[in-house]
> 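Provided herewith is a single structure, encoded as structure tokens, for subsequent inquiry.
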Amino acid sequence: MAQSPTGRRQAGWADPLFRVGTGAVAVLVIAVVLGILAVLVNDSMLSVRKFGLSFWRTRVWDPVAGDFGALPFIWGTLYSSVLALLVAMPVALGIAIFLSELCPRWLRQPLAFLTELLAAIPSIVYGLWGIFVLAPAVRTLQVHTPDALRRTPFFSGPPLGVGMLAAALILAVMVIPFTATVAREILKAVPVSQREAAYALGATRWEAIRLAVHYGRIGILGAVMLGFGRALGETMAVTMVIGNNPQVALSLFAPQHTMAAVIANEFTEAADALYLNALVEIGLVLFLITVIINGLSRFLIWRMVRVRPTRVVAPVKVPLAA
Amino acid sequence: MNTILRQTGHVRALALIATTAVFTACSGGQTPPSGQAASPALPGQGAPAADGGGADQINGAGATFPYPIYSKWFSEYAKEHADVRINYQSIGSGGGIRQLTAQTVFFGATDGPMTDEQLKSAPGPILHLPTVLGAVVPVYNIPDFTGDLKFSGPLLADIYLGHVKKWNDAAIAKENPGVKLPAADIAVAHRSDGSGTTYIFVDFLSKVSPEFKQKVGVATSVNWPVGVGGKGNEGVAGLVKQTPGTIGYVELIYALQNKIPYGAVKNKAGTYLKASLESVTAAAAASAASMPADFRVSITDADGKDAYPISSYTWLLLYESPTDKAKGKKMVEFMRWAITDGEAYAKDLGYAPLPDSVVKLEQDALGKIKVQ
Amino acid sequence: MPPDAFARRYRVRKLTSGLMTFLCALSVVVALIPLAFILFFVLRQGVPALNWAFFTEMPKPVGETGGGMANAIVGTGILIGLAALVAVPIGVTCGVYITEFKTSRLSPAVRFAADILNGVPSIVIGVFAYAIAVLPFKRFSALAGGVALGVMMIPIIVRTTEELLALVPSSLREGALALGATRARAVATVILPAALPGIVTGVLVALARVAGETAPLLFTAFNNRFFSTSLDQPIGSLTVQIFTYAISPYEDWHRQAWAGATVLIAAVLLFSLLARAVTRRLERMHHG
């Protein structure tokens with residue numbers, strides 16, 4: 001501890017060392033991210049070289065013939081996530097609005113706590129519920145679907161229970177509490193002055209809410225995209241109810257597959273190098289898609305909540321994406 | 001200033017308590033309760049690498065087909081040999097082959113023998129050691145029907161190709177005269193993971209249906225034209241049990257243990273047979289005399305009027321020159337026990353014991369493993 | 001606007017407001033309550049299955065009833081302990097760097113990297129951990145599982161540390177520096193302790209999250225039906241065990257899967273409550 005009589009700090013080795021030391025660890029974090037990318041690229045080279053761009057267009061996934069195409073998985077991932085979002089978005093927004101604007105004070109804390117708890121439940125538990133409760137329920141629904149609907153491409157196929165519908169529903173169930181929590185944070189960040197101005201001008205309750213939502217629309221979009229990103233990467237709950245059949249199908253009843261699920265199922269068994277590389281390439285695609293979506297959503301949220309939050313409760317509410 | 005210091009003091013205390021609580025909860029500070037191999041291991045308090053008192057664990061992975069009997073064997077063997085803990089994970093035959101080749105496990109297990117390419121790409125020569133014989137049965141769950149169904153090979157192939165779509169199809173009725181089945185859709189279940197059970201099943205189907213051979217082929221992981229994928233024998237059994245209208249294929253014991261009805265299959269000689277100890281043994285008997293030296297043989301669609309057509313050996317895979325000689329020695333001793341005393345457990349679990357001639361050949365093969 | 005038209009318009013607006021408010025409340029009932037129902041369903045299935053054997057015994061051979069998940073519970077504990085050991089030093093130090101050297105060029109890059117890491121799907125982290133912690137050593141191990149979970153925890157801890165350090169009043173930092181402390185000493189003895197409860201909260205939240213992860217453990221820690229605490233051997237975990245049991249056809253295994261899920265939820269709940277209690281304490285301290 002260098003000290004001169006006048007109190008001026010002398011140049012020493014301690015501060016630069018501190019900077020370099022902590023900086024090294026910071027670089028380590030960057031290195032980890034780059035390392036993930038490096039591993040994914042390196043271990044998928046064989047597949048990338050062999051199939052090139054057609055990998056993303058081919059429907060065939062044939063380990064016997066060594067013919068691999070990622071289209072069914074990309075399709076399944078996007079289809080299930082988009083469906084989930086269509087269901088989850090209005091509901092999550094409704095919950096966020098209720099919690100931040102309409103909720104009576106005594107109810108707020110318990111409901112908010114419930115929402116956060118639901119967002120924290122591990123996906124394997126949802127998967128468990130999915131296998132034993134959701135899939136049979138969906139099956140009953142499928143059995144009782146009127147024949148007229150059955151003939152449309154959206155509802156064709158034998159009633160299995162497991163399939164795209166079950167997967168989309170379970171993803172929606174998982175995404176709702178999470179998106180609601182983040183959206184609520186966004187709405188809380190809307191300045192009170194906005195609402196007060198609205199009421200001062202004679203707005204009804206809903207009109208004031210609409211104004212707040214409009215003010216926070218970019219952040220809310222970011223929240224929705226975070227939820228989307230989480231749905232894209234979800235593995236366990238989906239693989240337990242989606243049927244694990246790599247096909248590109250429009251039907252909600254058809255068993256399909258997702259990128260995360262195929263890696264989970266087949267990674268430990270890919271016996272030859274090409275097979276393994278194909279799986280890692282799927283991982284690479286998944287990585288890139290989620291990075292883009294998450295990056296975009298964080299940017300949007302940051303735009304909205306530009307002032308770094310000085311709220312003390314910040315740590316607990318840190319959005320836990322994916 | 002005083003307030004700040006006081007606050008910091010409180011903060012420190014709270015933090016200390018919380019952190020201690022978290023880390024105490026996380027440390028493995030428990031003595032192992034009674035249960036499996038009674039190794040006197042006291043968990044090392046955070047010390048890495050110390051493998052808790054002498055017990056040497058051997059890790060293996062592979063087929064789900066023989067998982068019930070392997071888990072019984074490892075458990076029984078550990079009772080008499082407390083120093084041998086064999087941890088087997090049933091991740092599918094494909095997984096067993098892959099992990100063994102990558103040497104992340106010490107032994108593998110598969111019901112689909114390794115191909116020549118797979119053997120070539122392994123770091124060292126691998127031995128196939130037959131352990132038991134088993135059968136793959138077609139299981140089904142048909143609403144309002146609890147009887148026995150008969151299938152022919154070509155019929156099963158057509159169902160799995162997607163040509164036969166309903167339970168009341170004429171093709172099924174032809175094999176089962178007089179049986180009334182509902183007009184429900186057939187939901188086809190197969191394996192989603194690399195599986196020796198799949199290998200046995202498609203091996204049989206390819207032998208009886210040229211279309212199946214051409215469209216799907218034979219391997220541990222194939223491109224199924226239709227159906228839902230379940231993970232492991234357990235997954236397929238679970239799917240069939242849960243979903244009315246489903247047909248699937250599983251190892252016999254999974255059908256028995258879960259009380260799922262399974263059908264009889266027509267063999268080469270034209271007899272409809274349900275899988276059983278006798279019919280599986282008969283299937284092996286024909287080839288026992290001409291067993292190749294590396295034990296890789298297919299006994300599906302065997303000759304003989306008593307032979308069950310979807311039978312197979314299942315193999316344990318070991319390196320001929322393992323890197324860890326001590327573990328190699330323990331595995332060889334275990335194998336010698338398994339193919340002699342262990343076979344007694346096979347019957348209760350629905351597997352057929354190895355023919356005597358095969359056991360003899362195998363004892364010689366085990367001698368080849370370099371454990372010195 | 002003529003008075004009656006205004007009044008009419010007003011009625012419509014009032015009605016719309018009432019309707020939308022009702023819909024929002026409905027979404028809570030329609031969504032939140034059934035979601036809570038899932039929670040209660042799991043507890044209802046799981047609690048009866050919890051018994052002493054569940055917590056103390058190992059899994060029995062396939063098909064036999066009984067046995068427990070003792071090894072899996074301890075395994076999860078060990079895994080999250082390892083994860084914390086990996087993530088806390090790295091995450092806190094990184095957070096310190098970002099806060100102390102806000103203006104450096106590295107800072108925004110690190111923050112960006114942490115955000116990316118946060119969004120990487122857990123299965124991809126599993127693939128990464130397999131490549132760096134399993135293949136080179138040719139074995140599945142608890143260590144590899146700990147590394148995978150640790151990598152997932154890092155971004156959460158970085159973010160938490162960063163936000164909390166920013167909350168520490170600058171008077172504290174300035175006071176320490178004015179007294180002649182080096183930067184390192186100021187951080188270590190004054191700033192970090194002030195932020196510690198919040199950081200601990202963040203760690204608890206992160207632990208709760210990784211305790212529930214399954215995908216990254218599938219090919220790192222693998223699974224182990226024996227009781228094991230050695231770090232270089234495969235280790236069982238609550239989540240992987242629940243998965244294995246859930247997709248099986250055995251009723252007894254299903255029963256145990258529910259019990260395992262209940263234990264998992266209880267752990268998450270505990271961590272959550274603990275984190276909340278610490279946060280409330282912190283709130284009181286800064287505002288009281």
Side-chain angles (χ1 to χ4, degrees), chain A residues 58-69 72 130-140 142-143 150 156-164 166 236 239-247 249 253-257 261-262 264-276 278-279, chain B residues 61-62 89 91-102 104-105 108 110 112 114-115 117-118 121-122 143 165-167 184-195 198-199 202 216-232 235 238-239 242-246:
Chain A
T58 319
R59 294 180 176 213
V60 176
W61 183 262
D62 193 346
V64 182
D67 204 3
F68 298 105
I131 288 190
F132 294 116
V133 178
L134 184 66
V138 169
R139 189 177 177 276
T140 317
Q142 290 172 346
V143 165
R150 285 286 209 95
S156 59
L160 294 164
V162 295
M164 179 54 65
M236 300 318 292
T239 191
M240 286 158 100
V241 300
I242 198 169
N244 301 325
N245 186 337
Q247 57 170 340
F253 292 178
Q256 294 174 51
H257 224 328
V262 71
N265 269 316
E266 303 187 13
F267 192 76
T268 43
E269 312 145 1
D272 62 280
L274 185 62
Y275 193 179
L276 191 61
L279 282 173
Chain B
Q89 295 301 322
I91 59 174
S93 300
I97 295 175
R98 150 89 177 286
Q99 299 307 328
L100 181 67
T101 314
T104 44
V105 292
T110 176
M114 288 174 77
T115 61
E117 292 101 58
Q118 286 171 332
S121 63
K165 298 208 210 326
K166 283 203 186 287
W167 282 109
D185 289 317
I186 302 183
V188 173
H190 55 73
R191 293 285 289 268
S192 65
D193 49 335
S195 148
T198 297
Y199 184 92
V202 297
V216 182
V218 184
T220 54
S221 209
V222 297
N223 187 17
W224 295 101
V226 293
V228 184
K231 195 158 169 45
L239 270 173
Q242 290 267 90
T243 321
T246 315

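Being a predicted model, the structure only gives us computed values, none of them experimental. Reminder, nothing fancy here: chain letters follow the sequence lines and each chain counts from 1. Heavy-atom basis, side chains included; hydrogens, waters and symmetry copies ignored.
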> What are the two closest non-hydrogen atoms of A/Val60 and B/Asn223, and how far apart are they?
CG1-ND2, 3.9 Å

> Taking side-chain hydrogen bond (donor to acceptor under 3.5 Å, both in side chains) as the definition, give me every residue that meets it alongside A/His257, ordered by chain and number, with sequence neighbours left out.
none

> What is the minimum heavy-atom distance between B/Ser192 and A/Asn244, and which atoms define it?
CB-CB, 3.8 Å

> Go through the atoms of A/Ile242 and report whether side chain, backbone, both or neither lie under 4.5 Å from a heavy atom of chain B.
neither

> Could you check whether any side-chain heavy atom of A/Leu276 comes within less than 4.5 Å of a side-chain heavy atom of B/Arg98, counting everything from C-beta outward?
yes

> Should B/Trp224 and A/Gln247 count as side-chain neighbours, where that means a heavy-atom distance under 4.5 Å?
no

> Check A/Pro255 against B/Gly227 and note the closest heavy-atom contact, atom names and distance.
CG-O, 3.9 Å

> Looking at A/Asn245 and B/Val228, what are the two nearest heavy atoms and their distance?
ND2-N, 4.5 Å

